[in-house]
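Before any comments, here is the structure.
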Amino acid sequence: MKRKLAMILAVAMLLCLVLPQMAMAAPAGTYTLTVSVKDDANPQKVVTATSGTGSERTPLATEVTTMINTKRSEIESTFAGAGLSAIFDAGLEAIKGTDAEWEDYVNTHVMSDSNGFKEIIKNKNATYAALEANVDYTLTYAGYTVTVTLKPYTAPSGGGSTGGSTSSNEETIQNPDGSVTTIVTDEKTGTVTETTEDTNGVTGTTVTDKDGNITDITVDIPDNAVEEAAKADETIALPVQVPVVDNSEDAPAVNITLPQGVDSVKVELPVEESKPGLVAVIVDEDGNETIVPKSAVTDEGVKLELTGSASIKIIDNSKDFEDMPADHWANDAVDFMSAREVIEGTSDTTFSPEAPTSRGMLVTLLHRLESKPESSVEKAFDDVDNDAYYADGARWAVENNIVEGYDDGSFQPDKDISRQEMVVMLYRYAGLPAVDENTKLDFTDADQTQDYALNAMRWAVANDVIHGKDNGILDPQGVATRAEVAQLLQNYCNSILAD
C-alpha cells in the first residue's frame with residue numbers, strides 16, 4: 001500500500017505539469033506553471049515547484065523533464081515513499097514514448113481526480129497557448145492533494161506574439177531557488193519593472209525609473225503562503241530587496257497586501273546591507289510614520305510580525321555615542337535598541353553603558369517596547385509622581401501585572417534594579433510562558449537566584465535572552481547596567497521572532 005501511495009504521489013507531480021491541448025484561445029504573453037503537492041495528513045510536508053516560463057507556443061515536455069529532475073531529490077526526501085526512483089524513471093520514459101504509452105501510464109497510475117483532470121492530462125504535447133489563464137486544477141488520492149496553477153505574464157502594450165512594433169523588452173529568469181523573475185524594460189521611458197514570484201506564490205514587484213530610483217515596491221502574499229508559514233511556524237521572506245537609507249524621506253515604502261482575516265504573519269524584508277540600527281517604520285493612510293520596536297535584524301534583513309496589510313519603510317536609524325566603540329561587547333545591542341528609540345543616550349553624544357538601570361527606567365523601556373499603550377490606572381504607587389518620566393510606564397506595568405511593588409506598597413522607582421529583577425519584569429511582560437521547573441541553571445552562582453526569580457531565569461536562559469557573564473556566572477543579584485538591559489531587550493526581540 002505504501003508503494004502504491006508513493007507511486008500515485010510521484011506520478012501526480014509529473015502529470016500535473018502535462019496539460020492538454022484545448023480548443024480555447026489564450027492571450028499573448030509569457031506563462032508560468034506552479035505545482036504544489038501536499039500530504040493532507042502531515043500539513044508540514046509540502047513540495048512546491050514552479051516551471052520555467054514560456055511563450056504561448058512553448059511545448060511542455062522539456063519543462064516536465066527538467067522540473068522533475070530538479071525537484072526529484074526534494075520530493076523523495078520529503079515524502080520518503082518506496083520506489084519513487086522507479087516511478088520517476090517510468091514516467092519520464094512514458095513522456096518520451098508514444099501517445100498511447102503515455103495514455104496507458106496515466107490510466108494506470110492516476111486513480112481518481114477532480115474536475116475531470118485525468119482526461120485533460122492525457123495529451124503530452126500541450127503548449128501554453130492551449131491553456132486557460134489564471135486557473136487551478138487539483139488531483140487527489142488517498143490523502144494527497146496536488147494543485148496546479150497557471151498564471152500568465154502578459155506582454156505589455158505593443159508587445160506579444162501578434163507582431164508589430166514594441167516599446168518594451170521582457171526577460172524571464174528561472175532562479176536557483178525555484179522562484180521566477182520577469183523583468184520588463186520600457187524602451188521609451190526607461191522604466192524597469194521587476195516581478196519575482198516565489199514557489200509559495202508570494203509575488204514582489206519593484207519599479208525603477210530611468211535614473212535607477214525606486215518608485216514603487218509591492219508585495220502580495222496569498223492565503224496558501226500564510227497557511228504554510230503558520231503551520232511550520234516560519235517567516236515569509238519577501239521576494240524584494242529594500243535599499244537602506246538613513247532618512248524617511250528617501251526611503252521607498254513597501255506596500256504589503258495580506259489576505260483578509262489574517263490574524264498575524266511573520267515577514268522578513270531583505271535589505272541591501274544589514275546592520276543592527278535598521279528599523280521598520282509603518283506608514284498609515286494619512287502618512288504618519290511609527291517605528292516598530294519589536295522587530296529583529298537578521299543577516300538578510302528586518303523581520304517583524306504583521307497583523308494586516310501595511311506600508312513599511314526600512315531606515316537606518318543608528319545613533320552615534322562616543323563611549324560606545326565598535327569593539328564594545330554591547331555595541332550592536334545599543335545600536336539596535338537606540339535605533340528603535342526604546343533606550344536613549346544619557347546625552348546627545350554619550351550612552352553610559354556601565355551606569356546602573358533604575359526600576360523606573362526599566363518599566364519605561366518595556367512600555368516603549370510595547371509602543372507606549374495607554375493605561376486606565378490613575379496612579380501606580382504612592383511614591384510614583386504622575387509627572388515623573390516613568391509614571392506612564394509604571395501605570396501600564398501595574399495594569400498588566402508586570403510589577404507589584406514592595407511589601408510596604410512602594411515601587412522605589414529610583415532604586416537600582418538587580419539582574420534577577422530585570423529578568424522577572426521581562427518574564428512577566430512576556431506573559432509568564434511555561435518553563436520546565438526541573439531545568440538546572442548551569443552557572444557557578446545559580447544558587448544565589450532567589451526563589452521568586454527562578455522560573456524567570458530558567459525561561460531567559462532557555463530562550464537565549466540572558467547568557468551570563470564571561471567568567472561563567474549569572475550574577476543574579478548584581479546591578480543591571482544600561483548595556484546589559486540593551487542586550488537583554490535585543491535578545492528578547494530576536495527570540496520572539498525566531499523560527
Side-chain angles (χ1 to χ4, degrees), residues 226 229-230 233-238 242 248 254 256 258 262-271 274-284 288-319 330 332-344 357 361-375 392-393 396-397 399-402 422-433 456 459-460 463-466 484-499:
V226 174
D233 191 23
E234 293 180 343
T235 300
I236 298 176
L238 306 185
V242 185
S248 176
V254 182
I256 304 171
L258 296 180
V262 171
D263 291 331
S264 66
V265 61
K266 290 186 290 186
V267 301
E268 182 175 51
L269 283 79
V271 297
S274 181
K275 56 183 68 176
L278 296 184
V279 295
V281 177
I282 289 185
V283 185
D284 67 18
N288 301 312
E289 300 184 354
T290 305
I291 288 177
V292 181
K294 287 192 287 189
S295 62
V297 177
T298 69
D299 290 339
E300 289 75 33
V302 177
K303 185 186 295 186
L304 68 154
E305 185 172 3
L306 295 180
T307 55
S309 299
S311 180
I312 297 176
K313 294 181 178 181
I314 301 297
I315 299 171
D316 180 6
N317 198 33
S318 301
K319 314 295 182 185
D332 284 356
V334 171
D335 275 353
F336 183 92
M337 296 312 303
S338 63
R340 280 152 182 73
E341 300 180 359
V342 171
I343 191 166
E344 300 171 346
T357 305
M361 185 183 298
L362 186 57
V363 294
T364 299
L365 300 185
L366 293 177
H367 188 225
R368 291 173 183 167
L369 186 61
E370 194 61 18
S371 298
K372 298 190 287 190
E374 294 184 0
S375 170
D392 288 344
W396 163 81
E399 184 174 41
N400 289 276
N401 300 314
I402 295 170
M422 167 184 71
V423 170
V424 168
M425 279 195 195
L426 185 62
Y427 179 57
R428 291 173 178 168
Y429 170 71
L432 301 173
W459 163 79
N463 289 278
D464 293 324
V465 175
I466 195 168
E484 288 172 343
V485 169
Q487 188 66 67
L488 184 89
L489 296 181
Q490 182 194 33
N491 293 345
Y492 174 71
C493 288
N494 288 338
S495 72
I496 61 176
L497 289 167
D499 291 337

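Residue numbers count from 1 along this sequence.
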Could you check if a side-chain atom of [X] sits within less than 4.5 angstrom of a side-chain atom of [Y], using non-hydrogen atoms only?
| X | Y | result |
| --- | --- | --- |
| K319 | M337 | no |
| L489 | L426 | yes |
| W396 | I402 | yes |
| C493 | L369 | yes |

What distance separates [X] [atom1] from [Y] [atom2], expressed to the nearest 0.5 Å?
| X | Y | atom1 | atom2 | result |
| --- | --- | --- | --- | --- |
| K303 | T235 | NZ | OG1 | 4.0 Å |
| I282 | I256 | CD1 | CD1 | 9.0 Å |
| H367 | E374 | NE2 | CD | 8.5 Å |
| N400 | L366 | CG | CG | 10.5 Å |
| N463 | N494 | CG | CG | 12.0 Å |
| L488 | M422 | CG | CE | 4.5 Å |

Kindly write out the residues that satisfy salt bridge (Lys or Arg N to Asp or Glu O under 4.0 Å) with [X], not counting sequence neighbours, or none if the list is empty.
| X | value |
| --- | --- |
| E289 | K313 |
| D332 | none |
| K266 | D233, D499 |

Pairing residues for [X] by the side-chain hydrogen bond (donor to acceptor under 3.5 Å, both in side chains) criterion, not counting sequence neighbours:
| X | value |
| --- | --- |
| S338 | none |
| E268 | T298 |
| N288 | D284 |
| E305 | S264 |

Using every non-hydrogen atom in the two residues, find where [X] and [Y] come nearest and quote the distance to one decimal.
| X | Y | answer |
| --- | --- | --- |
| S274 | V297 | OG-CG1, 3.3 Å |
| F336 | S295 | CZ-O, 3.0 Å |
| R340 | L278 | NH2-O, 2.9 Å |
| V271 | G301 | CG2-CA, 3.7 Å |
| L365 | V342 | CD2-O, 2.9 Å |
| D316 | K275 | OD2-CD, 3.2 Å |

request  = Run through V302, V242, L306, L238 and flag the one making a side-chain contact (heavy atoms from CB on, under 4.5 Å) with I312.
outcome  = L306

For [X], give me all partners under side-chain contact (heavy atoms from CB on, under 4.5 Å), at least two apart in sequence or on another chain.
| X | answer |
| --- | --- |
| S311 | A253, N255, V283 |
| A460 | V423, V465, I466 |
| S371 | P293 |
| E234 | A232 |

key: Stepwise side chain to side chain contact (heavy atoms under 4.5 Å, CB included) check, K372 with D392   = CA-CA 8 Å; K372 298 190 287 190; D392 288 344; over 6 Å; no

request  = List in chain and number order the residues that pass ring pair (Phe, Tyr, Trp, His ring centres under 6.0 Å) with Y492, two or more places apart in sequence or in another chain; answer none if no residue qualifies.
outcome  = Y429

task = Assess the side chains of E484 and Q487: does a donor N or O sit below 3.5 Å from an acceptor N or O?
result = no

ask   = Run the side chain to side chain contact (heavy atoms under 4.5 Å, CB included) check on L269 and L304 step by step: do they pass?
value = CA-CA 9 Å; L269 283 79; L304 68 154; 3.8 Å; yes

